[in-house]
Amino acid sequence: MEPLLKRCDGFSLLEVLVALAIVSLTLFLTFNINSNSISIERSVMDRLEALAEGEKLLNEELAGFPDTGIRTGEIEGEGFSYTYKVQVTETPHPDALEVNVTLFYEVEGNSKSITFAGLAQR
């Protein structure tokens, strides 16, 4: 007696198409994740550079006993540009001043800012 359906070796067209769809989706997701990680890494590196510049600026302000008031300025460097605002206010103690440094920068068209605070003393 012969079987009604004869089994053929190999893959059907539907199986091949499903496998291609799975491989394509996997590759797309892998490249998308990789692209996002590159963008995040760039954003983190920009923030680290801003942190270093802001810390340096705050340390310069805290090295002496600055005048009270608000000052603004710009920092230009290779591959970066920052605008900053330094605000020095009095404290209840006459030999101490509060120093706030806010650094403004852009990452991929988005405005960002970081604020540093410290006390200057005589």
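Keep in mind that the numbers below use all heavy atoms, side chains included, and drop hydrogens, waters and symmetry copies.
Without hydrogens or angle criteria, Asn59 side chain to Glu55 main chain gives a donor-acceptor distance under 3.5 Å. Remark: the backbone N or O of Ile22 is paired with a side-chain donor or acceptor of Thr26 at under 3.5 angstrom.
Here the side chains of Asn34 and Ser37 are in contact, with some heavy-atom distance below 4.5 Å. Between Glu90 and Leu97 the shortest side-chain heavy-atom distance falls below 4.5 Å. Residues Pro66 and Arg71 are in side-chain contact: their nearest non-hydrogen atoms beyond the backbone lie under 4.5 Å apart. In this structure, the side chains of Lys85 and Thr72 come closer than 4.5 Å at one or more pairs of heavy atoms.
Counting non-hydrogen atoms of other residues, nucleotides and ligands closer than 6.0 Å to CD of Glu60 gives a total above 12. Heavy-atom neighbours of Asn32 CG from other residues, nucleotides or ligands within 6.0 Å: above the threshold of 12. Summarising the local packing, CD of Glu76 is surrounded by more than 12 heavy atoms from other residues, nucleotides or ligands at distances under 6.0 Å. Heavy-atom contacts from other residues, nucleotides or ligands closer than 6.0 Å to CD of Glu49 number more than 12. By the 6.0 Å contact criterion, CD on Glu15 is enclosed, its count of non-hydrogen atoms from other residues, nucleotides or ligands being greater than 12.
We find the CD-OG1 distance between Glu98 and Thr89 to be 4.0 Å, quoted to the nearest 0.5 Å. Of the inter-residue distances, the one linking Thr83 atom OG1 with Glu106 atom CD reads 9.0 Å to the nearest 0.5 angstrom. For the atom pair Glu61 CD and Tyr84 OH, the distance stands at 7.5 Å (nearest 0.5 Å). Here CZ of Phe116 is found 9.5 Å from CD of Glu53. Values are rounded to the nearest 0.5 Å. Here the straight-line distance linking atom CD1 of Ile70 with atom CD of Gln87 works out to 4.5 Å at 0.5 Å rounding. With values rounded to the nearest 0.5 angstrom, Leu58 atom CG is found 11.0 Å from Leu103 atom CG.
Cluster annotation: Phe104 is not connected to Tyr82 through the hydrophobic network of ILVMFWY side chains, with a link wherever side-chain heavy atoms come within less than 4.5 Å. Val86 and Phe65 fall within a single hydrophobic cluster, where Ile, Leu, Val, Met, Phe, Trp and Tyr side chains are chained together by heavy-atom contacts under 4.5 Å. Linking ILVMFWY side-chain heavy atoms closer than 4.5 Å, directly or via other members, places Val101 and Leu51 in a single hydrophobic cluster. Connection of Leu20 to Phe28 is not established within any shared hydrophobic cluster, with ILVMFWY side chains joined at heavy-atom distances below 4.5 Å, either directly or through further cluster members. Linking Ile, Leu, Val, Met, Phe, Trp and Tyr residues whenever their side-chain heavy atoms come within less than 4.5 Å leaves Val23 and Leu13 in two separate clusters.
Taking every heavy atom of both residues into account, Leu62 and Gly118 meet most closely at CD2-C, 4.0 Å. Between Tyr105 and Ser113 the shortest heavy-atom distance is CE2-N, 4.3 Å. Between Ala96 and Thr91, the closest heavy-atom pair is O-OG1, 2.7 Å.
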